Participant: 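Sending over a structure as structure tokens; questions will come in a sec.
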Amino acid sequence: MFPFHLMGGPDIRAVVERSRPQLVDRVRETYLAHHRGETVNPNSYFLRFPEKPNARIIALPAFLRGDPGVAGIKWIASFPDNITRNVPRASAVLVLNDFATGYPFACLEAAQISAARTAASAVLAAERIHGSRTADRVAVIGAGIIARTVLEFLASLRWSIGRVAVHDAVPGYARRYAEHAGSLGYPASVADTPTDAVTGADIVLLATTATEPYLLDVGILAAGQTVLNISLRDLGPDVVAAAYNVVDDVDHCLTAGTSVHLAEQKFGHRDFIDATLAQLLLDEETPGRDKPRVFSPFGLGVLDLAVGLEVLAAGRRAGRVTAVPEFFGEVERW
Ligand SMILES: NC(=O)c1ccc[n+]([C@@H]2O[C@H](COP(=O)([O-])OP(=O)(O)OC[C@H]3O[C@@H](n4cnc5c(N)ncnc54)[C@H](O)[C@@H]3O)[C@@H](O)[C@H]2O)c1
């Protein structure tokens, strides 16, 4: 009566690899559900450590209404220094709770879920803002797991890309990324500086682990460029204020020292926020080409729930989910 299931990383990877377009659809539906008020998505809670100022573990509780509704929480650690040991920065679990009883019914390895929902929202925004699935040049700054996942999602949607220019603070990571892009059918080259990468790009993907803005000159971005500001803290406040800004959720995104939050603090207002992604998806707003167009997704817990549910269902069909019988100690009240 109270089944509990586990799904590990290799099984989730296998499911994600063959369901990327469906996950993008699921993320689109979830943004629209959030827009309609069919979600409860409290602020993320950041556990920080004075001894490790760049590390954090974030709790993202959420509830997605539906039939049946599902609640849950992603608990995701971000330890950027892991990179020096060749260990991924992010590690996570996602717990899903049944809305009828509140009982947890599944625990999923969630670094893969999180990367997939982040990449799905990036490609969704890229297509809507850029206006097609064809780009002459894509710039990537920060050649890590998130940037790799975004490229894999673009490839799964058969984007046509003339060239990828990739810059990373560590040139070896940029070279490896360029090779991976090549293996996906995208010619790629390493750019020595962010400016070299960004100049002439239709689409710019920011996926670094920078904690302070370093792209400060308003001239760094060009009118009409589509900027996927996934890492959220690369752009200076003046660059943000000079752009057309799209966010996933206004209140969420204007927190935690993101570039849009810094812009709000500097200018004392949030008038530079033009639209949410849901408004764009509904054609209620259309970004002009007279300014750079910057998409800043804070990352919503409801997306993790939606993608987690989808992956769990596919995992069950494929026999990739492990049941844990009698997980709970007491399921009948004495
Ligand atoms: N907005 C969201 O919903 C969301 C979701 C998931 C991850 N993220 C963010 O995405 C970012 C990337 O995550 P990841 O897992 O790929 O990390 P990662 O450690 O695998 O990769 C980050 C890369 O950025 C490079 N880098 C760091 N600072 C740089 C700089 N100033 N200039 C150029 N390169 C730089 C590093 O060398 C590394 O190769 C993180 O900041 C993470 O918080 C955002």
Side-chain angles (χ1 to χ4, degrees), residues 27 30-31 34 41 44 46 48 54-58 60 62 74 76-92 94 110-125 139-153 165-178 180 190-198 204-216 220 227-236 246-249 252-261 277 294-304 307:
V27 164
T30 308
Y31 275 125
H34 184 64
N41 201 115
S44 303
F46 286 65
R48 296 186 188 276
N54 67 348
R56 59 198 190 223
I57 311 182
I58 313 173
L60 289 85
K74 181 176 72 173
I76 182 161
S78 172
F79 279 52
D81 294 345
N82 284 357
I83 202 169
T84 58
R85 284 175 280 152
N86 203 28
V87 169
R89 172 194 64 83
S91 56
L94 174 70
Q112 312 291 320
I113 303 278
S114 190
R117 68 82 147 133
T118 304
S121 69
V123 301
L124 198 55
V140 175
I141 302 184
I145 288 177
I146 293 295
R148 184 193 73 193
T149 310
V150 171
L151 202 63
E152 290 166 352
F153 269 72
V166 53
H167 170 76
D168 194 284
V170 180
Y173 297 152
R175 282 196 292 276
R176 193 195 304 163
Y177 190 94
H180 187 59
V190 172
D192 292 337
T193 66
T195 308
D196 288 348
V198 167
V204 177
L205 169 62
L206 302 175
T208 71
T209 40
T211 51
E212 306 254 322
Y214 58 93
L215 300 174
L216 305 175
I220 183 85
V227 181
L228 307 172
N229 179 26
I230 305 302
S231 38
L232 293 169
R233 295 174 183 84
D234 305 74
L235 302 173
V246 182
V247 297
D248 52 356
D249 179 294
H252 282 261
C253 208
L254 290 158
T255 58
T258 61
S259 296
V260 282
H261 188 206
L277 180 55
V294 177
F295 172 56
S296 301
F298 193 71
L300 300 176
V302 281
L303 300 181
D304 296 293
V307 168

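Read the numbers this way: they start at 1 and go in the same order the structure lists the ligands and their atoms. On a predicted model such as this, the values are computed, not experimentally measured, just so you know.
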Participant: Do ligand 1 and Thr208 have nitrogen or oxygen atoms that lie under 3.5 Å from each other?
Facilitator: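 Min N/O separation from ligand 1 is below 3.5 Å for Thr208.
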Participant: In terms of residue, atom name and distance, what is the protein heavy atom nearest to atom 20 (O) of ligand 1?
Facilitator: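 Nearest protein contact, heavy atoms only, for atom 20 (O) of ligand 1 is Ile145 N, 3.2 Å.
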Participant: Would you call Pro213 and Leu235 a side-chain contact if the rule is heavy atoms closer than 4.5 Å?
Facilitator: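 No, every pair of side-chain atoms sits at 4.5 Å or beyond.
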Participant: Nearest protein heavy atom to atom 10 (O) of ligand 1, by residue and atom, and its distance?
Facilitator: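 Minimum-distance protein heavy atom for atom 10 (O) of ligand 1 reads Ile146 CG1, 3.9 Å.
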Participant: What protein heavy atom is closest to atom 44 (C) of ligand 1, reported as residue, atom name and distance in Å?
Facilitator: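 Minimum-distance protein heavy atom for atom 44 (C) of ligand 1 reads Ile230 O, 3.2 Å.
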Participant: Below 4.0 Å, non-hydrogen atoms only: which portion of Thr118 touches ligand 1? Side chain, backbone, both or neither.
Facilitator: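 For Thr118, only side-chain atoms sit under 4.0 Å from ligand 1.
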Participant: Could you identify the single nearest non-hydrogen protein atom to atom 37 (O) of ligand 1 and state the distance to 0.1 Å?
Facilitator: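 Checked against all protein heavy atoms, atom 37 (O) of ligand 1 sits closest to Asp168 OD1, 2.7 Å.
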Participant: Which residue owns the protein heavy atom closest to atom 14 (P) of ligand 1, what's the atom, and how far is it?
Facilitator: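 I find the closest protein heavy atom is Arg89 NE, 3.4 Å.
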Participant: With a 3.5 Å cut-off and sequence neighbours excluded, list the donor-acceptor pairs that the side chains of residues 142-150 form with protein atoms.
Facilitator:
residue, atom, partner, partner atom, Å
Thr149, OG1, Ile145, O, 2.6

Participant: Which of the numbered atoms in ligand 1 are below 4.0 angstrom from a heavy atom of Pro297?
Facilitator: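 Those atoms are 1 (N), 2 (C), 3 (O).
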Participant: Should one rank Gly299, Pro194, Gly144 by closest heavy-atom distance to atom 21 (O) of ligand 1, which comes out on top?
Facilitator: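 Heavy atom nearest to atom 21 (O) of ligand 1 belongs to Gly144.
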Participant: Tell me which protein heavy atom sits closest to atom 34 (N) of ligand 1, plus the residue, atom name and distance to 0.1 Å.
Facilitator: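 Scanning the protein heavy atoms, the shortest distance from atom 34 (N) of ligand 1 goes to Ala169 N, 3.0 Å.
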Participant: Would a 4.5 Å heavy-atom cut-off, applied to side chains only, mark Ser114 and Asp304 as touching?
Facilitator: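 Contact flag for Ser114/Asp304 side chains = yes.
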Participant: Between Ala62 and Gly301, what is the shortest heavy-atom contact and its length?
Facilitator: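 Answer, listing the atom of Ala62 first, then Gly301: CB-C, 3.6 Å.
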Participant: Within the structure provided, determine whether Leu303 and Tyr31 are in side-chain contact (heavy-atom separation under 4.5 Å).
Facilitator: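 With C-beta onward as the side chain, the pair touches.
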Participant: Would you mind running through ligand 1 and noting each atom that sits below 4.0 Å from a heavy atom of Arg56?
Facilitator: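 In order of numbering, the contacting atoms are 43 (O).
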Participant: Applying a strict 4.0 Å limit to heavy atoms, is His252 in contact with ligand 1?
Facilitator: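 So His252 does not count as touching ligand 1.
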Participant: Measure the distance from atom 31 (N) of ligand 1 to every protein heavy atom, then report the residue, atom name and distance (to 0.1 Å) of the closest one.
Facilitator: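 It is Tyr214 CE2, 3.7 Å.
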Participant: Do Leu277 and Asp248 come within less than 4.5 Å of each other through their side chains, counting heavy atoms only?
Facilitator: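 They are not in side-chain contact.
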Participant: Check Ile230 against Ala122 and note the closest heavy-atom contact, atom names and distance.
Facilitator: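 The pair with the smallest heavy-atom distance is CD1-CB, 3.8 Å.
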Participant: Looking at ligand 1, would Pro80 count as a contact under a 4.0 Å heavy-atom criterion?
Facilitator: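 Distance cut 4.0 Å: Pro80 fails for ligand 1.
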Participant: Using only heavy-atom distances, determine whether the side chains of His34 and Asp249 contain a donor-acceptor pair under 3.5 Å.
Facilitator: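 Indeed, the side chains of His34 and Asp249 share at least one donor-acceptor pair under 3.5 Å.
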Participant: With a cut-off of 3.5 Å and sequence neighbours excluded, list every side-chain donor-acceptor pair involving residues 84-91.
Facilitator:
residue, atom, partner, partner atom, Å
Thr84, OG1, Asp81, O, 2.7
Arg85, NH2, Asn82, OD1, 3.3
Arg89, NH1, Ser78, OG, 2.8

Participant: With a 4.5 Å heavy-atom cut-off, do Thr258 and Arg233 have their side chains touching?
Facilitator: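 Yes; the side chains approach each other to less than 4.5 Å.
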Participant: Any non-hydrogen side-chain atom of Leu232 less than 4.5 Å from a side-chain atom of Phe298?
Facilitator: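 Yes. Closest side-chain heavy atoms under 4.5 Å.
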Participant: For Ser78, is the nearest heavy atom under 4.0 Å from an atom of ligand 1?
Facilitator: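 Judged by the 4.0 Å heavy-atom criterion, Ser78 does not count as contacting ligand 1.
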Participant: I need the nearest protein heavy-atom contact for atom 27 (C) of ligand 1: residue, atom name and distance, please.
Facilitator: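 Residue, atom and distance for the closest contact: Thr209 OG1, 3.2 Å.
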Participant: Quick one: does Arg117 get a heavy atom under 4.0 Å from ligand 1?
Facilitator: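 It does; at least one heavy atom falls under 4.0 Å.
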